[in-house]
There are 2 protein chains.
Amino acid sequence: MTIEDAGTAPARRTTLADVARQAGVSTALVSLVMRGAPGASPANREKVFRVARELGYVPDSRARALRQGRSQLLGVMFHVQQPFHADVIEGVYEAAEAAGYDVVLSAVTDSRSEDKAIGTLLADRCEAVILVAPQSSREWLAEVGGRLPTVVLVRHVRHPDLSVVRAADMKGLGLAVDHLVGLGHRRIVHVDGAGSPSAEQRRRGYRAAMARHGLEPRIVRGGWAEINGSQAVEQLLSEDDLPTAILAFNDPCANGVLSTLHRSGISVPEEVSVIGFDDTHLAGFSHIGLTTVRQDAGQMARMAVGRAISLIERKDDPEVHRDGVVVPDLVVRGTTGPCRQ
Amino acid sequence: MTIEDAGTAPARRTTLADVARQAGVSTALVSLVMRGAPGASPANREKVFRVARELGYVPDSRARALRQGRSQLLGVMFHVQQPFHADVIEGVYEAAEAAGYDVVLSAVTDSRSEDKAIGTLLADRCEAVILVAPQSSREWLAEVGGRLPTVVLVRHVRHPDLSVVRAADMKGLGLAVDHLVGLGHRRIVHVDGAGSPSAEQRRRGYRAAMARHGLEPRIVRGGWAEINGSQAVEQLLSEDDLPTAILAFNDPCANGVLSTLHRSGISVPEEVSVIGFDDTHLAGFSHIGLTTVRQDAGQMARMAVGRAISLIERKDDPEVHRDGVVVPDLVVRGTTGPCRQ
DNA sequence: CTTGACCCCTAGAACGTTTTAGGTTGCGTG
DNA sequence: CACGCAACCTAAAACGTTCTAGGGGTCAAG
C-alpha cells in the first residue's frame, strides 16, 4: 500500500482461458474455434461459441499479433485538419480490409508532430506505413523507409527506400492554366503551397504552362490551409495588383482565397476566377461550387495499399519503385468564368 | 514448402533481447534503462542507449501492454468526414497526452460501420472509449458501456453505464432563434438532423424558442451532411415556401443550404439568413463567414478525457454520472442580416 | 491382432516485454 | 575477520494468444 496505487488498474477483461475453463476444454481448442479453424467437433464448436458470447469474450489483438509474429497492421499518418486526407482514409480502410489487413491511424495536429505520429506507428509494430503528405525532411523519411516498408502519398521524393504515389501535379496545373487561358485570362497568379509537399512540383507545372502560353508567371506565397489563401489575397489587394484569375495550391487554400475576395466585395467569377486542387468532398459542395483539379483519393489510396502490401510480402514488383502517378482532371464548377478585362 | 507461403512474413524487428545480447547485459537491465528506471550504473546506461540507437530499437508497445496488464490506451470512435470531429480529436490527443495516456483512433466511414469501429477498439484493449456522435442504438451503446468505461460525446442518452458530454443544444438553438427574431425574422425554418445524435434536442430547442416568441415552427428534414442541407432547400423551393431564415442542424448542413441557395440565385443574407451549428475550423473560414452556434471542441474533448480517466481509475467522481454540459455561444458572421420582408 | 489413417483434442513452448525475487559484489564498521 | 548494507545486476515467471507435437480414440485394411 503505497501512495502510488491511488489509481487502480482497470478491471481485467475476459480471456481465452476464462472461456476454456467455463466450457471445460483447453485454450487451444477455444483458439481454434474462435478463428474458425478446422479441427473441432460441431458439439464443442457450438459450446465454445455460446460460452464466449455469454462472457462477452473479445480476442486480444495484441496478444494475437505478438504470438503470430506479425500484426497485419497498416499504419497511416495523416493531417487531421485536411479534408483530402479524410477522403484518402476512407479508401485505405476499404482497400486494406479487402486485403486482410487492419489499419491504425496516427494523426498529426498542431500539438502532435509528424515525428511523434510516426513513432507510435513504429511502436505499434505496423508492417508498413502510409504517410499522407508528409512534411518531414527527406532524410527522416528515408530513415523510416529503411526501417519498414513505406509509401509516401502526395509528395515528390526520390529514394530507393520510399515508394511514392502522387498525382501528376505538372499536368494538373497545366489543365488549370489551359482552362483559364481558354476563358481569355492572361494575368493568372499562383498562390502556392510554400513548403508543403508537392508545392514545388505545382509551382513548376504552373511556370511551365504559363511559359507555354507566353504568359508572365507570378507566384504569391500561400500554404495548405485556408488562412494562407486569405493572407495571399490580402497581400495582392494591398499591392493593388489583383489578377483576373487565381490558381490556389489546394482546396482549403482556395476557400481562403474565396473568403477574402468575398469579404472585399470582389465577385467570383465575374471579376476574378479561382481554381483549387484536390476536389475534396467538402470543397466540392460548398456555396459556390469550386472549380478544381481533381485527384482521385480512392484510387491513390488503393495504389498506396497495394504497394504497401507488395513491399511487406516482398513480391518483387518493379512498379513499387516507380512513382505511382494518378492522372488528375479538371472539374469545372462555378468559380471560373470568362475574363472581362 | 506449401503454396501458402508465397507471402513471406515481414522482417523481424529488433527486440530487447537483441540489444541485451549486443550490449552484453540482461534483458531486464535493458528494460530498466529504456524506461529510465533507477538501478543501472551510468556506464551500462550509456552503453545500452548507444546499442539501442545503433540497432534502431523501438519498444514493442503491444508486448509492453500485455505484460503490464494495461494498455494506457484511450479509444476514440469518430466520423472521418465530420470536420467537427477533427477538432475534437485535436483536443483529445492533447488532453490524453497530458494525462499519460495514448490515443487510438477508429474511424467510421461509408464502408466501415460503428459496430466495426467499436469492435477494433475492444480488440485493442482500450481502457476506455470516447464515442463521438454515435448513431448506434441506445442498447448497443449501453452494452459497450457495460464492458468498459465509455464517454459519449455530442449525443443525448441517459444510462448509468454511459458518461455524456454535450453542448446545451436547447440553449444553442435558443440563442440562434433570438438572434434572428432580433433581426426581425418571423418565418424561421429549422433544417434538422433527422436521426442524427442530438437532432431531437435541437428540434426541441428550436420549438421551445419559437413558442417563446409566439412564432409558428416549421421543421424540414435534413441531416448531418452537406447533401442534406442542399436537398432541404430544394424541397423548400419546390414548395415555393422559402422562409426568411434557415437554422441548419450543423455547419456542413448549413454549407449545403448556402450552396443551393446560391445556385438558385438567392442572396444571403439579403433574402435569406442562415445559421449553422458547431463552428468548425472549416466552416468558420469559408467564403461567406457562416454565422453559427459555437460548441467548444477543445473543452468538450478535455471533459471527455477527464471523465474517461476518472472512470478508468475508479475515482468516485459523482460528476461523471451527470451530463457534462458545455455552454454554446453564438458567433455572428456574414450569413445573417436584418429581415427585409 | 497389428497397422495405419483419421479425427478430435491437449500440453507446453513461444512471442517481447515487465516484474519479482533473489544473487553478487564491494565497502565500511564493529 | 565477520557482518550488514548498498548498489548493481540477472534468472525466470508472467501477460493472452497461437502453434507444434503428439496423445488417445475409432475404424478399415492387411
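Below, chains carry the letters A, B, ... as their sequence lines are ordered, and counting in each starts from 1. Only a predicted model underlies this, so the values are computations on that prediction, with no experimental measurement involved.
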Exercise for the section: For A:Arg45 and C:dC8, give me the distance from atom CZ to atom P, rounded to whole Å. Expected result: 9 Å
Completion exercise
A:Arg64 CZ to D:dT18 C1', in whole Å, measures 9 Å
Exercise for the section: Report which part of the nucleic acid B:Arg125 touches: base, sugar-phosphate, or nothing (heavy-atom distance under 4.0 Å, all strands). Expected result: sugar-phosphate
Exercise for the section: Identify whether any heavy atom of B:Ala65 sits under 4.0 Å from a base atom; if not, whether one sits that close to sugar-phosphate; answer base, sugar-phosphate or nothing. Expected result: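 It contacts nothing in the nucleic acid.
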Handout entry: Test log, rule side-chain hydrogen bond (donor to acceptor under 3.5 Å, both in side chains), inputs A:Ser163 and A:Arg307
Key = CA-CA 7 Å; A:Ser163 179; A:Arg307 279 155 177 260; 2.8 Å; yes
Practice task
Check whether any side-chain heavy atom of A:Val108 lies under 4.5 Å from a side-chain heavy atom of A:Met77, and answer yes or no.
Solution key: yes
Handout entry: A:Glu97/B:Lys116 ion pair, N-O < 4.0 Å
Key =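 Salt bridge present between A:Glu97 and B:Lys116.
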Could you please name the option among [options] that lies closest to any side-chain atom of [X]?
| X | options | answer |
| --- | --- | --- |
| A:Arg67 | D:dC19, C:dC9, D:dA13 | D:dC19 |
| B:Leu16 | D:dT17, C:dG16, C:dT18 | C:dT18 |
| A:Val25 | D:dG16, C:dT10, C:dT17 | C:dT10 |

Practice task
Using heavy atoms and a sub-4.0 Å distance, could you list which residues of residues 97-105 of chain B are near DNA chain D? By number, please.
Solution key: none
Exercise for the section: Could you list by number each residue of residues 26-35 of chain B showing a heavy-atom separation from DNA chain D of less than 4.0 Å, or answer none if no residue does? Expected result: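 Residues of residues 26-35 of chain B that come under 4.0 Å of DNA chain D are, in numerical order, B:Ser26, B:Ala28, B:Leu29.
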Exercise for the section: Work out how much the helix from C:dC1-D:dG30 to C:dG30-D:dC1 bends between its end axes, five pairs an end, to the nearest 10 degrees. Expected result: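 The value is 70°.
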